[in-house]
Every structure is written in structure tokens, then in C-alpha cells.
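Single-structure report; data block below.
So you know, we letter chains A, B, ... as the sequences are listed, proteins then strands, and number each from 1. Quantities reported herein were computed from a predicted structural model and do not represent experimental measurements.
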4 protein chains.
Amino acid sequence: MKQTKPKYMQIIDAAVIVIAENGYHQAQVSKIAKQAGVADGTIYLYFKNKEDILVSMFREKMGEFIEKIEAEIKSETTASNKLYALIKTHFSLLAADHHMAIVTQLELRQSNKELRLRINEVLKGYFNVIDHIIKTGMDSGEFNPIINHRIARQMIFGTIDEVVTTWVMNEQKYELEKQVDPVHALIVNGFANKNK
Amino acid sequence: MKQTKPKYMQIIDAAVIVIAENGYHQAQVSKIAKQAGVADGTIYLYFKNKEDILVSMFREKMGEFIEKIEAEIKSETTASNKLYALIKTHFSLLAADHHMAIVTQLELRQSNKELRLRINEVLKGYFNVIDHIIKTGMDSGEFNPIINHRIARQMIFGTIDEVVTTWVMNEQKYELEKQVDPVHALIVNGFANKNK
Amino acid sequence: MKQTKPKYMQIIDAAVIVIAENGYHQAQVSKIAKQAGVADGTIYLYFKNKEDILVSMFREKMGEFIEKIEAEIKSETTASNKLYALIKTHFSLLAADHHMAIVTQLELRQSNKELRLRINEVLKGYFNVIDHIIKTGMDSGEFNPIINHRIARQMIFGTIDEVVTTWVMNEQKYELEKQVDPVHALIVNGFANKNK
Amino acid sequence: MKQTKPKYMQIIDAAVIVIAENGYHQAQVSKIAKQAGVADGTIYLYFKNKEDILVSMFREKMGEFIEKIEAEIKSETTASNKLYALIKTHFSLLAADHHMAIVTQLELRQSNKELRLRINEVLKGYFNVIDHIIKTGMDSGEFNPIINHRIARQMIFGTIDEVVTTWVMNEQKYELEKQVDPVHALIVNGFANKNK
DNA sequence: TATGAATGAGCATTCATTCAT
DNA sequence: CATGAATGAATGCTCATTCAT
């Protein structure tokens, strides 16, 4: 079969593999080109520079990621269930793609401030999804109306991110998906013992 | 006045400033030496190599950081109040030291995997403090006995870290200390509307 | 005229010139690159590292050296004449290439033990040529059958080397080729006065 | 017992040990100072600079060396016997002092051209001894009157030096003193088969 | 479009020497 | 005489990017 996949995605997929297997600082352009089966110079026909590969990679992959999460959330009605679906889908997708888990949680964070700001731009799409869930809960009275919207978002993202990062750092030894319930419970109910 | 401060701390303090102001990848040893007011070679009388400067810096600063937080927590009795003191002290210390805030939240994360593992070792001391608070709350019945201990720790750290990082990325434009109450409330009470 | 000479030899020739004119310890890679008319980085497309330049240089030049000597020896029949051809060709080649004379006799000896061992490997080819002459003389009865083969080889090489080194150290002020006859005579006949 | 040995010789002896055990390029001044049991700065009260240590070391040790050889030669009458005594003493002294053998045959040759020229100055004392033997042999008619004086000296020194260097490079695995007879025989009688 | 040889800026570290004590 | 902390110059190698083909 002739290689029909456009070179653009071919290079992005190569970048994920190379970064996951070699680490951010060992992911030279020439290595990515070799993995993609193209010449070094060809990279520059599709990307402005190395940073552009990384940002594009993150944008493409994060785009798919968000789409899938949105699809799962849509069918849920309550905010709590939507949040559950978000956590579950987030964990499942990363558990199913070890390379992406390593790249997003460990390797891409080694990039410089400028690149991280551009990555944060991409993350805004994800933040919007979280914001939508929070708004749903506030509007329906399901969530406490006095909670700070921005802090709520940062807690959801911060918690999910820390849980995944710890899991990746522990070399994905345990089942990430088993953490969905306790994470969801903790976010919705907090630490307080209401039976007391 | 004669310079009496031992050169070891002098160099570490210089490293904080240079990294905060120039970024991790622009923090050359010669720049640190210049900032510290010593010759390049003098650095190597006190540190094995560049990585040793960074790990030592993190260990020294994180040590002080944890000591101060422990001191504030000790005088509190309930787990909720201890948690409040932790968040408050954490935010206050970083708000008071812009350089350290930039270095810990943005720059040091650009280091390679090996260095980050060594930094994580130092962080374990902080995790222990969080663990102690959770245990206090569990033992006293203040916290819900069914919550997952590890996830609880990851939520506390993940939330605090995300809030601080966002604040640093927004160039510390708003008052970090105003976030103490909502962060604490959200962790303790969760999202659920109990009046409903 | 377009530069058609392959860069590999271009760099090796540059290394000979730079080392001869600046000395072993002043022969920086950047200086060799400049002399070769290429960029510093280009060196590393053809050589693994600096040591590789030096070993390759010695191997290439010594290879030519040995080939030429072998060619001259082949047409001689007696061992004595073969030895004469070896000494004559050895002296002539170095007298004709002042740079190589300086590099082999003075500069390359300053290299570290590891590099010198690798250089000695290359020298074995030369020792084989000497060994062949000795064997020829022994087999034909031309040379005294009781002489120690290894010592004989060391005498031939040690004498030639010392004569050339002295000549180079005296800045090649006298004619090296005038030494061919006395060196040959001394090796073949020894010191003893047979007329006595 | 108080250390009465003057520091000058103490430092020279330390230099021999450090160079022999670590190699020329790993023989830092601080290492020599430590081995000698003095402070780095103390070295500079007795020697102008590092090169001065090495030249002084060679001069002192070579001085002893030559004295011992001269003493052995004096009691011999014929040139051949004097030459035999020289070779024998040369080999015996180096076989008895492994450190000096390594330093003179391998390590000191790694020094730069300037230092080697100064070392050659010291060697002239040794050359004088050889010259004296040659002259003795010429005057008595024992040696062939037509041999070139300078070449004869270079042959003797070059052969002895090559034999010793090969022995050191082979890690002194065989008995150097067993080579005295064949080396002497070869120098005096040459290669030619006189029975033929 | 695609190639890949060539480019050249940038930096951690060592160690001989000094000099205040 | 003796110390040893401090100095600072000097260099091999990598890799993102270009451009002639």
C-alpha cells in the first residue's frame, strides 16, 4: 500500500514516538525525520521550526482528546455525571496511549516558558469544557453557588493532572482507571465527614 | 561591610535570581558566578557540577519552606485549620518571594528527568506534611473515613500547585493570598450543594 | 576550479599542517576546520571526535608511507639492499615532507597513552616490513643466524627513529639523506673493526 | 623521627610517583603536593612552575643515573666491555625502578616541544658518556675508523631506548636484563654473517 | 516537493598559579 | 617558611536550520 497519510500527521506521530522513547531533550529534529521516514529538510516544508512541531502535535492530539471527552459528556445530564464522564474519559484515553501519557505529563513540561505559554493556549479548550460542567452544576443548583469558579476549575484540572503525573512517574504500574471513583468523590464531596 | 555570608548560600541565592530573571536554559554557570560575586571556578569548590547547584538550591529552599509550614501547622488543632494554615503559609511564602515562585513553578520543571526525580525526592518531605494532616482528620473523624489517602494528598498538592502556577503564569497580577479561603473551602467541602 | 578533493582527506591534510605549525596542544578543532576551509561542525560528519582525526591521519599517512617503502624494497634482491632501500625511502619521504616529519617525530608523541597505543597498532605494519627483511637475510644466510629477531627489529627502528628525531629537533638543518649510507653500514656491519 | 629530607627532593620523589601512577596528563600540581605532604603553594617556594618540577626531576634522576653508569664503565678497559657495562647498567637500573621506567619512557615524552628540548639538554650528559666509549674504541682501533661518530651515538641510544620502551609498553612482562647480550652483540657485530 | 550535506553559535569544567594570612 | 581558598582563561562538540540540487 502506498503511504497515503499526509506527511504532516506522519511527522507529528513520529514526534510523539521519538519524544516518548527518547525524552524531550533527546528528541532531535533528525531523529523525528528518521522516524517519520523523511529527510530532515522535509520537516521544514510542513513546520516553521522545531517548536512548531511540538505545538502542532499538542494541538492536534489535544483536539482529538477534547472532542472525545465532549462526546462522552454530551449524553450525561447532571453536572456530577458529566464530571464523572470527563475524569473517566481523561484517564481511559491516557491509559490507552502510553506514549501520549509520557509526552504530555513529563516530557513536554521540560519545554521553555514561551512554548509552555503556547501549550497553555491550547489547554484553554479543555478549560472551557470544565467551565461548562461547573456552570451546568451552578445553574441547576447541584453545585454550591458560592464556590469560586476559577478556583473550581483549577482544582479539577490540578487534581486530575497530579493524579495522572504521579501514575506516569510510577511507570504506570497500577490501574489509572481505578482512580476515577475516588477522584470524582473527592471533588464533589470534599474532605468533610457529613455524617458527623 | 565584609562579606561574611558563606559562599555556599551566596551561590545558591545567586542561582535563584539568575534562573528567575533569565530562565532555566539561560542560567549559565558563569552568570551565576558573576551574580554571586565569585569566579567561575569557585563554584566548583562548593558544588560538584551545575546539576548539584540546582538540586542543592531546591533542597535548601524547600527545607526552609517545609520548616516554616510545619511551624504554622503545629499550633493548629483541627485538621481543617491545619490545612488552612498550610495553604495560607504556602501562598504567603511564594507571594513574598517572587523569584522563588518563578523558579519552582516554571523554571525548575524544565530540567531533565533525572534532575526532576531528585527534586521529587525533596518534595517527599512536603508530601509527608500533607499526609500528616490527612491522618489527623481521619483519626479525629473530621474527614470522611472512606476517602482514599493517596488521592487526597494528590488533590491537595495538585490543586495548590495549579493555583500557584496559574498565578505565576499570569505574572502574579492578582493577590494570591485572596485564594486561600476558596481553595480551602473547596478542598474541605467539595462541590456539592449541601443545602439542596 | 571546484573543490573536488573529498573533505575527509582535506581535513586530514589540514590537521597535519595545523599540528606541525602550532604544536599538538595548540591544534584546536576550530583551527583545523579553518585550515581545511570547512565549518567546525563539518569535521564531525567525517570523524567521531578529535582523537579520531589524529588516529585517522596517522593511519592514512603511515599507510601511504609503508606502501611506498614496500614498493621500493620489492625490486631489491638481497636483504642488505632491501634494508638500504628502506632507510633511503624512509629518510627521503620525511625529508620531502617537513610537516609530516615534525608531526610524527615530535608532536604526535605528546598524545596520551590510549592514543599512543592506537598509533602503535598502525606502526605494526611498518614492523612487519622490517621483519620481512630480517627473515630474508636469515634465510639466505646473508645475516648472522644467531641474532635475536626482535632485538634486530628494535635496533633498526630505534636507530632510524633516533636519527630522524635528532634531525627534526635540529630543525632539519642538515641533509637527512646523507645519513643513509652510514646508518646502513652501521646496522649491517656493526662497530667492530674487521680488518684488525 | 622528624622529616629531615629537604622538601625539594620530597616534591621530586612525589612527582615521580604521581606521574608513574596517574600518567603525565593526570599529574596535577595539587596531586603532587598531596603526595609530597605539603600544601599546593609550598611547591612554588621550591620550583618556579610545573615545568620546572619536571625538568628538575629529570635532571636529578638522570644525574644519579649517569653517575652510576660512569662508575661501572670506569673499571672496564676495552670499548666493547665499556659498552657492555653501559647497556647492562642502564637496563638494570630501570628494571629496578619501575616508576622511573614508566616516567622516562612513556610519560615524560608527552610533554610539549619546549620541555622536551630542555630534557634533551639534560640527556647531553648521557650522550657524552656514549661518545667517550666510541672515542675509546676508535682510538684503540677496536672500532672501525670509518664509522660516523654521531650516527654511532644515535644508534646506541636509539637501540637502547627502543628496547626499553618496548619492554615498558609490554608492561615489563619479560626480563629486560636478558636483552643485554643480544643488544650488545648486535651493536658491536652488526647483522652481517662473517662466517659466510 | 524532497533531499541531506553543511553550517556555526554556544557552554560546563579544569587546574596552574597567586597571595592574604 | 607554609598554607589553601580563590582565580579565570580556554575548548571540544551538538543540533536546529538552510539551500543548492
Show the numbers, then the answer: is there a side chain to side chain contact (heavy atoms under 4.5 Å, CB included) between C:Val55 and C:Glu51?
-> CA-CA 6 Å; C:Val55 173; C:Glu51 180 177 314; 4.2 Å; yes

Taking it one step at a time, do C:Phe58 and C:Thr104 satisfy side chain to side chain contact (heavy atoms under 4.5 Å, CB included)?
-> CA-CA 8 Å; C:Phe58 194 72; C:Thr104 58; 4.1 Å; yes

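Remark: side-chain polar atoms of A:Thr165 are paired, donor with acceptor, to backbone N or O of A:Asp161 under 3.5 angstrom. When atom types are taken as modelled, the side chain of D:Arg109 and the backbone of C:Ser111 share no donor-acceptor pair closer than 3.5 angstrom. In this structure, C:Glu107 contributes its side chain and C:Gly23 its backbone to no donor-acceptor pair below 3.5 Å. With D:Arg118 contributing its side chain and D:Glu114 its backbone, the two residues share no donor-acceptor pair below 3.5 Å. Using modelled atom types, one side-chain atom of D:Gln10 and one backbone atom of D:Ala36 make a donor-acceptor pair closer than 3.5 Å.
Note: NZ (A:Lys34) to C1' (E:dT3) measures 16 Å, nearest angstrom. Per the geometry, CG belonging to C:Asp40 stands 16 Å off P belonging to E:dC11, to the nearest Å. Regarding B:His25, its NE2 atom lies at a distance of 17 Å from the C1' atom of E:dA9, rounded to whole Å.
DNA chain F lies under 4.0 Å from no heavy atom of any residue of residues 109-116 of chain A. Scanning residues 41-56 of chain D for heavy-atom distances under 4.0 Å to DNA chain F yields D:Gly41, D:Thr42, D:Leu45, D:Tyr46.
Where pairing requires Watson-Crick or G-U contacts shorter than 3.5 Å, the helical stems of DNA chain E with at least three consecutive pairs are E:2-21 with F:2-21.
Nucleotides of DNA chain F lying under 4.0 Å from heavy atoms of chain B occupy a range whose first and last members, 5' to 3', are F:dA6 to F:dG8.
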Let me have the donor-acceptor pairs involving side chains of residues 28-35 of chain D, under 3.5 Å, with sequence neighbours excluded, atom names and distances please.
from: D:Gln28; atom 1: OE1; to: D:Lys31; atom 2: NZ; distance (Å): 3.4
from: D:Gln28; atom 1: NE2; to: D:Gln26; atom 2: OE1; distance (Å): 3.4
from: D:Lys31; atom 1: NZ; to: D:Gln26; atom 2: O; distance (Å): 2.9

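Note: B:Phe47 and B:Tyr8 have parallel aromatic rings, judged against thresholds of 30 and 60 degrees for the angle between ring planes.
Note that the CE atom of D:Met100 and the CD1 atom of D:Ile102 stand 11.0 Å from one another [nearest 0.5 Å].
Taking the charged nitrogens against the carboxylate oxygens, A:Lys124 and A:Glu121 do have a contact shorter than 4.0 Å, which makes a salt bridge.
When the nearest nucleotides of DNA chain F are assigned to B:Ala39 and C:Val29 by heavy-atom distance, the more 5′-ward of the two goes with B:Ala39.
Side-chain atoms of D:Ile12 and D:Ser56, non-hydrogen and from C-beta on, do get closer than 4.5 Å to each other.
The side-chain hydrogen bond (donor to acceptor under 3.5 Å, both in side chains) search around C:Lys50 returns none, not counting sequence neighbours.
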